[in-house]
Amino acid sequence: MKKERVLVSACLLGYPIRYDGSDKKISDELIDRLKNSAEVISACPEMLGGLPCPRLASEQQSHTDKVIASDGRDISVFFRLGAHETLNICKNYGIRVAVLKSKSPSCGKGFIYDGSFTGQLTKGEGITSRLLSENGIKIFNESEVSQAIEKIRGK
């Protein structure tokens with residue numbers, strides 16, 4: 001039987017592609033559990049949208065689709081392009097579950113940084129997270145890997 005596929009933020013798998021060139025790797029145990037449950041497809045929406053690594057920190061302005069780099073430039077177009085590229089990957093692979101990086105202007109679910117670059121969080125969804133959700137893909141963050149696995153297994 002063919003395994004279901006799950007999209008996972010590349011930084012959570014240990015790829016050093018975050019804005020500062022670091023990763024946010026989840027535990028090897030969680031990665032192994034994911035790989036035992038599904039075929040893992042990694043993606044970084046920001047890089048898919050054409051942003052370099054490293055890059056300036058960026059935040060989504062509260063309750064808008066506008067993403068601003070720490071130098072004040074509007075870089076929303078890169079985030080929208082990356083979101084659509086990520087959605088295309090999900091559609092091409094039949095992905096219905098994604099594990100994305102929390103608080104990110106691309107991947108955040110529930111809370112994102114508020115655009116003030118002060119570390120303040122606000123309720124909201126990242127650009128990619130929202131687009132995937134709107135297209136029927138169930139989003140989980142790195143603290144919800146067990147729930148993602150349950151969803152993949154049909155529980």
Side-chain angles (χ1 to χ4, degrees), residues 1-61 64-69 73-113 124-155:
M1 185 166 129
K2 188 174 172 183
K3 281 187 180 179
E4 182 166 346
R5 294 177 175 133
V6 61
L7 182 84
V8 180
S9 291
C11 65
L12 297 178
L13 296 172
Y15 294 97
I17 58 172
R18 295 186 71 233
Y19 75 94
D20 60 359
S22 69
D23 67 64
K24 283 291 186 175
K25 186 178 179 187
I26 58 176
S27 73
D28 288 335
E29 176 192 348
L30 286 175
I31 292 171
D32 288 345
R33 287 181 59 210
L34 273 170
K35 287 180 177 178
N36 285 333
S37 300
E39 180 181 346
V40 173
I41 307 295
S42 69
C44 174
E46 293 164 14
M47 299 221 25
L48 287 169
L51 291 170
C53 181
R55 55 192 170 272
L56 293 175
S58 56
E59 294 186 5
Q60 188 176 337
Q61 290 189 325
T64 72
D65 282 340
K66 192 173 191 178
V67 180
I68 303 297
R73 286 180 301 126
D74 182 344
I75 56 173
S76 305
V77 66
F78 298 105
F79 281 76
R80 286 192 295 272
L81 177 59
H84 285 281
E85 290 297 323
T86 303
L87 177 60
N88 286 338
I89 289 169
C90 291
K91 286 180 176 180
N92 288 336
Y93 284 101
I95 292 171
R96 63 181 188 95
V97 174
V99 178
L100 303 177
K101 176 68 188 96
S102 64
K103 305 174 194 170
S104 157
S106 288
C107 298
K109 174 191 154 230
F111 290 94
I112 56 173
Y113 291 107
E125 308 300 321
I127 305 295
T128 299
S129 182
R130 185 178 323 112
L131 182 64
L132 297 183
S133 291
E134 289 169 353
N135 282 272
I137 297 161
K138 180 69 176 157
I139 307 299
F140 298 90
N141 66 37
E142 66 272 25
S143 67
E144 301 171 319
V145 173
S146 292
Q147 293 95 313
I149 291 168
E150 288 176 11
K151 178 72 174 173
I152 292 164
R153 291 180 177 166
K155 295 182 180 176

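What you see below is based on every heavy atom in this structure, not just the backbone, and it leaves out hydrogens, waters and symmetry mates.
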* **R18: side-chain contact (heavy atoms from CB on, under 4.5 Å) partners, not counting sequence neighbours** => C11, D20, S22, K24
* Any chance you could measure F111, atom CZ, to N141, atom CG, to the nearest 0.5 Å? => 11.0 Å
* **Contacts of type side-chain contact (heavy atoms from CB on, under 4.5 Å), residue K66, not counting sequence neighbours** => Q61, T64, I68, D74, S76
* To do: Could you list the residues that satisfy salt bridge (Lys or Arg N to Asp or Glu O under 4.0 Å) with E85, not counting sequence neighbours?
  => none
* Partner residues of K138 under the salt bridge (Lys or Arg N to Asp or Glu O under 4.0 Å) criterion, sequence neighbours left out -> none
* Structure fact -> For E4, the side-chain contact (heavy atoms from CB on, under 4.5 Å) test, sequence neighbours excluded, returns R96, V97, I152
* **Non-neighbouring partners of Q147 that pass side-chain hydrogen bond (donor to acceptor under 3.5 Å, both in side chains), sequence neighbours left out** => none
* Asked: Rounded to the nearest 0.5 Å, how far does CG of L51 lie from CD1 of I17?
  -> 11.5 Å
* **V40: partners by side-chain contact (heavy atoms from CB on, under 4.5 Å), with sequence neighbours left out** => V6, V8, L13, L34, K35
* **Pairs where residues 46-59 contributes a residue and the test side-chain hydrogen bond (donor to acceptor under 3.5 Å, both in side chains) is met, not counting sequence neighbours** => E46-R55, E46-S106
* State which residues pass side-chain hydrogen bond (donor to acceptor under 3.5 Å, both in side chains) with R5; sequence neighbours excluded, sorted by chain then number. => E39
* Asked: With R130, which residues qualify under salt bridge (Lys or Arg N to Asp or Glu O under 4.0 Å), at least two apart?
  -> D65
* From CG (L12) to CG (L100), nearest 0.5 Å -> 8.0 Å
* **Counterpart residues, salt bridge (Lys or Arg N to Asp or Glu O under 4.0 Å), relative to D28 (two or more places apart)** => K25
* Considering residues at least two apart in sequence or located in another chain, which fulfil the side-chain hydrogen bond (donor to acceptor under 3.5 Å, both in side chains) criterion with S27? -> none
* Asked: About how many Å separate OG1 of T128 and CG of L81, when rounded to the nearest 0.5 Å?
  -> 10.0 Å
* To do: Kindly compute the distance separating CG (L132) from OG1 (T86), expressed to the nearest 0.5 Å.
  => 6.5 Å
* S129 side chain vs G108 backbone, donor-acceptor pair below 3.5 Å -> yes
